[in-house]
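So the structure is just underneath, and the comments pick up after that.
Throughout, protein chains are lettered first and strands after them, A, B, ... in sequence-line order, and every chain is numbered starting at 1.
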Amino acid sequence: MSHYLNELNEVQRNAVTNINGPVLVVAGPGSGKTRVLTYRIAHIIEQGAAPWEVLALTFTNKAAREMKERIAGVVGPQASQVWAGTFHSIFARILRSEAEKIGYPSDFTIYDTEDTKNVISAIVKEMNLDRETYNVNTLRSRISAAKSSLITPKLYQDNEDLREEDRRANRPLTYSVYEKYTARCKRSGAMDFDDLLYRLYELLQRNPDNILEKYRKRFRYLLVDEFQDTNHLQYAIVRKLVNYDHSPRNVCVVGDDAQSIYAFRGATIQNILDFEQDFKPFGIKVFKLEQNYRSTEHIVQSANEVIMHNSRQIQKKIWSDKGQGQRVKIIKARTDTEEGHRVVDTIIEQKNRYHLSNNEIAVLYRTNAQSRIFEEYLRRYNVPYRIFGGQSFYQRKEVKDLISYLRLAVNPGDEEALRRVINFPRRGIGETSVDKISELAGQTNRRMWDCIPEVEMATRTRSAVADFVAMMQEFHRRSATDNAYDLAIDVARRSGLMDELKKDTTIEGIGRLDNVNALLDGIKTFVEDPQPVGAPPMEEGEQPTDIDTRLSAYLQNIALLTDQDEKTDEKDFVTLMSVHAAKGLEFKSVFVVGMEEKLFPSFMSLDSHDGIEEERRLFYVAITRAEQFLTLSYAENRYRYGQMRVNEASRFLEEMPRQHVESTAALGLAKAAERGSRDQSPQQASSGVSGAFPKRTPPPARPVVDPAGFKPSAPDTIQVGMQVLHLQFGQGEVIAIDGHKDSRMASIRFGAGEAPKRIMLKFAKLQVVEG
DNA sequence: GTTGGTATCTGTGGA
DNA sequence: AGATACCAAC
């Protein structure tokens, strides 16, 4: 395993071998950051540390998994003993074992965003507040921001600045919502995503039984990935763990201020600057990884120039020695559908000309809603694709309904689960009864579950409630002993969920039933193939987490999963995802679409300078995903809010340096279009009467080839004059063939009026049409 | 309590 | 445009 140091450049090697004392690594895109992190961990272990003394914190499960795999590649199976995971999952694991010390059950529930919003909505309703001024999303982000700044409800109430802000926004009772929200989560035995951080901090701060020392000793080496995305609270926890008297301060944070794209949820690059200051007295070493191993020069230099438009940043010069490569291509389309069409055309063209596989291509957009049109055309042209993001499997209603039953079985205090399932499927327990229970719970600050027997209700309802309670009690009892699958199956059947789903025989209904069955299959897999849950053992020799196949273990396992964590079946597909989701990934060819003002940059960002700069960093992230081909596209007219709107080209297009752009025509025209669009009143445009703005053009009328019946003919059988089928282009006539052997090219005309396409026979899949 | 229809709102990112 | 919230009628 000692050869790994040879795979590093000098700066990388220094970042890997300086394992003692504080280290800051500023890592540009494609600079081998993950390699540095994993080799550093390997090196720490090689130098004699035990794997379980290393704690590596990431932002996504995927990053953590990848890191573990790569560590395993260097140090072997002991890699699984390293504590590597997301902030949320590692902290959740610690909180599970220490929960009682801060007044939580160890089987606490984790509330997702939906649960959180429901709780807040219920509070707003109960307080008789106007739900427009007391907007759920605003309240949620305000509460989240408060927690991330370590502001308790009490501190919030006493904080004049915050209170003044709320008064000015006509929301003077925000502090009270926050207080009630916190109390409700607490009595439900539930933590939201912020609590997983906040409560851990609280635990370390209160330090019952001197657990702080325990964890400080345990984690002799701490590494943090994507440090630019940490918020104040996360850094506070990091400091708690490593910054104390006589600490070795073996802490390494890796980040790139230029790729900070989560300020909207409290991340601050101030943490990077603070880190440097805080650890300066302890001999901090700073390493800058500036060589980009991913992209060609046109791309890297474009990125450099674009980010220069931002004011604050750590000085660095990213460079590449991969050659100039291709210039950046810009596609200007008249409408969103045309954009979709032309992007997909370009994808197919690139596949043919450069022999790219689908895997090597990604379409990135600012908002998930933009994916539709690209889906349409990709499907039309038989290009396999996969969409990431959007609604996660675990958030689908039917899946969450069953999970809610399971959650309630494990933790009867879980109010959100209770509210969700008490009358679904319908069993005659209506809103009135639920409100009564909720009211009593609020007045006495007890769990709703415990209040149920004391609430008066009609006899009919009473018996329905009694049946429900009896059923759930049995499930609860069994949750302590049964394995997750046996119990889940019974819950699904006896709750009536399955029957309810089977009633719906529409296509969607069958889909929902399939989803629930898929969830049950997932639980079965969990039981049959028990993975050591979460983090590795705490002590040497401890068994890898007591193999626990009960429901509570399963729920812990899935609470922090997202769709991106689903294993893909390694198929060859074009990737469609948001720019945010693309962070950390790379593709040979990248399309950044919807490059329009108010879309990218998002309209939400336009009123603040910081907002624009974050969008620009997001754009920086987008273009630095590309290895060889980068294409930017925009549409002059786009359907938004159900109406055709005129859009200006994004300012970021203007910021693209001309010498790195393939043709400035699209840029020049962008300005003309801009002027033109001002002359054109939006009303005129959206009315569609003028005829200048075509209705949604239907997908192209090219013949679609059924992939199932498609059998490509051998390249050498193709001759001039033949009719051939192409999976994407449909049927066409071979009008010429030139070149020899492997470089034989065919000119094929696919549509009557169209220019012939030149296709390399060796790569293209063509089927000769018989007859 | 339930159902179905209408009105209204919303509309970034994600652990 | 689509999802959700709300309301009136059964």
Touch class at under 4.0 angstrom, heavy-atom based, for A:Asn135 against every strand present: sugar-phosphate
Pair A:Phe652 + A:His309: ring centers closer than 6.0 Å: no
A:Lys436: salt bridge (charged side-chain N to carboxylate O under 4.0 Å, His left out) partners, not counting sequence neighbours: none
Pi stacking test for A:Phe264 and B:dG13: under 5.5 Å apart, planes under 30°: yes
B:dT12 and C:dA5, which share atom name C1', separated by this distance in whole Å: 23 Å
Give me, pair by pair, the N or O atoms of the protein and of nucleotides 2-6 of chain B that are less than 3.5 Å apart, along with how far apart they are.
unit_1, atom_1, unit_2, atom_2, d
B:dT2, OP1, A:Gly428, N, 3.4
B:dT2, OP2, A:Asn423, ND2, 3.3
B:dT3, OP2, A:Arg426, NH1, 2.4

Quick one: is [N] close enough that its OP1 or OP2 comes under 4.0 Å of any side-chain N or O from [X]?
X: A:Thr60; N: B:dA15; answer: no
X: A:Ser605; N: B:dT12; answer: no
X: A:Asn368; N: B:dT12; answer: no

Any residue meeting ring-ring contact (aromatic ring centres under 6.0 Å, His included) with A:Phe91, in chain and number order, not counting sequence neighbours: A:Phe87
ring-ring contact (aromatic ring centres under 6.0 Å, His included) partners of A:Tyr235, counting only residues at least two apart: A:Phe227
Pairing of A:Glu431 and A:Lys125 as salt bridge, 4.0 angstrom limit: yes
Short heteroatom pairs, N/O only, protein and nucleotides 8-10 of chain C, under 3.5 Å:
none

Value in whole Å for how far the P atom of B:dG13 lies from CZ of A:Arg265: 12 Å
A:Met577 CE to B:dT12 C1', straight-line distance once rounded to whole Å: 16 Å
Backbone N/O of A:Arg645 and side chain of A:Arg638: donor-acceptor pair under 3.5 Å: no
Pairs meeting criterion salt bridge (Lys or Arg N to Asp or Glu O under 4.0 Å) with involvement of residues 612-621 of chain A, two or more places apart: A:Arg366-A:Glu615, A:Glu614-A:Arg617, A:Arg616-A:Glu655
